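Chain identifiers are assigned alphabetically (A, B, ...) following the order of the sequence lines, protein sequences preceding nucleic acid strands; residue numbering begins at 1 within each chain. What you see is a predicted model, and the numbers here were worked out from it, not measured in a lab.
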Amino acid sequence: MKILGIETSCDETAASLLEISAIGKIKILSSVVSSQIKTHQQYGGIVPEVAARKHVQNIIPVIAKSIKTKSNFSKIDLIAVTSRPGLITSLQIGVQTAKTLAYLWRVPLIGINHLEAHIYSNWLSNDKLQKLGRKIFPAVCLLVSGGHTELILMKNFGQYELLGQTRDDAVGEAFDKVAKLLNLGYPGGPVIERYAKTGQNDKIEFPRPMIKAKNFDFSFSGLKTAVRYYLEQIKTNGKLNQKMIQDICSAFQKAVVEVLTYKTIKAATEFKAKTVLLGGGVSANKLLRSNLKKQAQKLDIACYYPKFKYTQDNAVMIALAGYFNRKKANLQQNWQTLTSNPNLKLTSKK
Amino acid sequence: MKKVTHSATETKKLAIELAKNFKGGELLGLEGDLGSGKTVFVQGLAKGLGIKEKVNSPTFVLMKIYQLPKAVKQITQLVHVDAYRLQGAQEFKDIGLDEYTDKKNTLVVIEWIDKVAKVKSWAKYKQISFNFGEKPNNRTILIK
Ligand SMILES: Nc1ncnc2c1ncn2[C@@H]1O[C@H](COP(=O)(O)OP(=O)(O)O)[C@@H](O)[C@H]1O
Ligand SMILES: [Mg+2]
């Protein structure tokens, strides 16, 4: 079957055409992402109104490019669109476009949870997961991005339990805010990783927030504050130089990665997970990937992460989540009833 | 009113106390740099209003709405906004904030109000500013 995926929940307008064979083999026919990073950089962050306006401009060209030929569009079997969570003004553009297409083409439509799609980005990147099927469960998934820090227990396809989340700032937000404190620009993740590479990670000791807490929650606002205090201390004693910035980035990154790894492995052990999965923008961080994999392997737990291009928001993962949820798609109603929802969580504690 | 707090817990306690003073329909504008304690303060407000949910930073989603389990005076919901990534009043409209301001049953709190305060329609707010003190965990909180 052919699935068109559409994503507009945050700063990327994206569309993808996916073909999945009867035996579940995934073939990516197209993946178009119109990155808006350039527009956002000048504001030091994502500006939603600008984002929404850009989505309006981009959505039709992006979808048209993803479909490529007329013969493709006549064979689309399902439309999958991100309907939650995200910026409501941005989400609506994708959802309204998808509804219009579903109505015109008489194709079933399904709303996708963005977080679930990030989990499925692992299936796009690892052939082994496609072969293993249900054998990978239970799996513990760590979702880390600008707006999310969630530890989720995946018991089966479509069956999730939220184990923990951040109590204040998200990990990606911490990267962005620390980069802002250091005047390194936006987005903070890649730039801090780059500086960290040449820094020494043992020169400064930043806290490991909530590492001892008896739950799976996180806290990152204290790290941002610790970096701030450290910077003030430097400024009263002299001037901040390149080497110091590298050391700060390195120590900060180490603190973040240690907390994330520790809690994920703890959850995997407690819930006897066979697999650990990573997802979201911050899962592009190389230290996080290698550290988590190393610790998981020590315990004989398999560890997967998405290819770099699928850590960022994209529509391939939305289309694939559509495939896994295809039984819920409805030709009769969905284009009439589907609405966007800014806050809906993937799961709640039972 | 000027208060100096010496820990995040103290700031939360101050906010819990202050929560009793609001009737509904107010707009609180929080000012202060990164890490000055604005979100901590809102966590206290939420607690003071009886909200059990976790209140985390709305920087990314821009706006979060919390329902009170039981009305406090007329207040039935707390709207937590973060203008860190916003530019002007039009963007407040775009996220749908209009629906919540000046509503008798709603308390609206906006972090980084200074980013949009110049705009006339949003000028009527109670200003609360957060400043770093001499010692690391000291914060001076100024309530106008
Ligand atoms: N007296 C204090 N009041 C508030 N927060 C404090 C205080 N002392 C230390 N902190 C710490 O400062 C940080 C404040 O972070 P946050 O509330 O996210 O700031 P903001 O929202 O203003 O960026 C937290 O890590 C908190 O633990
Ligand atoms: Mg804040």
A.B. asks: Verify the neighbour count for atom CD of B:Gln67: are there more than 12 heavy atoms of other residues, nucleotides or ligands below 6.0 Å?
C.D. replies: yes
A.B. asks: Any side-chain heavy-atom pair from A:Lys177 and B:Leu34 closer than 4.5 angstrom?
C.D. replies: yes
A.B. asks: Using every non-hydrogen atom in the two residues, find where A:Cys10 and B:Phe60 come nearest and quote the distance to one decimal.
C.D. replies: SG-CZ, 3.6 Å
A.B. asks: With a 4.5 Å cut-off on heavy-atom pairs, point out which of B:Gly35, B:Pro58, B:Ala8 contacts chain A the most.
C.D. replies: B:Gly35
A.B. asks: Is there a side-chain contact between A:Phe220 and B:Ser57, using heavy atoms and a 4.5 Å cut-off?
C.D. replies: no
A.B. asks: Is it the backbone or the side chain of B:Val55 that comes under 4.5 Å from a heavy atom of chain A, or both, or neither?
C.D. replies: backbone
A.B. asks: Is it true that, when you exclude B:Lys47 itself, more than 12 heavy atoms of the residues, nucleotides or ligands shown sit nearer than 6.0 Å to its NZ?
C.D. replies: no
A.B. asks: Just wondering, more than 12 heavy atoms not from B:Lys13 lying within 6.0 Å of its NZ?
C.D. replies: no
A.B. asks: Side chain from CB out, backbone as N, CA, C, O: work out which of these in A:Arg228 comes under 4.5 Å of a heavy atom of chain B, or both, or neither.
C.D. replies: side chain
A.B. asks: Which distance, rounded to the nearest 0.5 Å, do you find between the NZ of B:Lys135 and the OH of A:Tyr229?
C.D. replies: 12.5 Å
A.B. asks: Can you find a heavy atom in the side chain of A:Thr166 that is under 4.5 Å from one in the side chain of B:Lys54?
C.D. replies: no
A.B. asks: Answer yes or no: does atom NZ of B:Lys23 have more than 12 heavy-atom neighbours from other residues, nucleotides or ligands under 6.0 Å?
C.D. replies: no
A.B. asks: Measuring from atom OG of A:Ser221 to atom NZ of B:Lys38, what distance do you get when rounded to the nearest 0.5 angstrom?
C.D. replies: 10.5 Å
A.B. asks: How about B:Tyr84 and A:Glu173: do any of their side-chain heavy atoms sit closer than 4.5 Å?
C.D. replies: no
A.B. asks: Can you tell me how far the OG1 atom of B:Thr39 sits from the CG atom of A:Asp169, to the nearest 0.5 Å?
C.D. replies: 6.5 Å
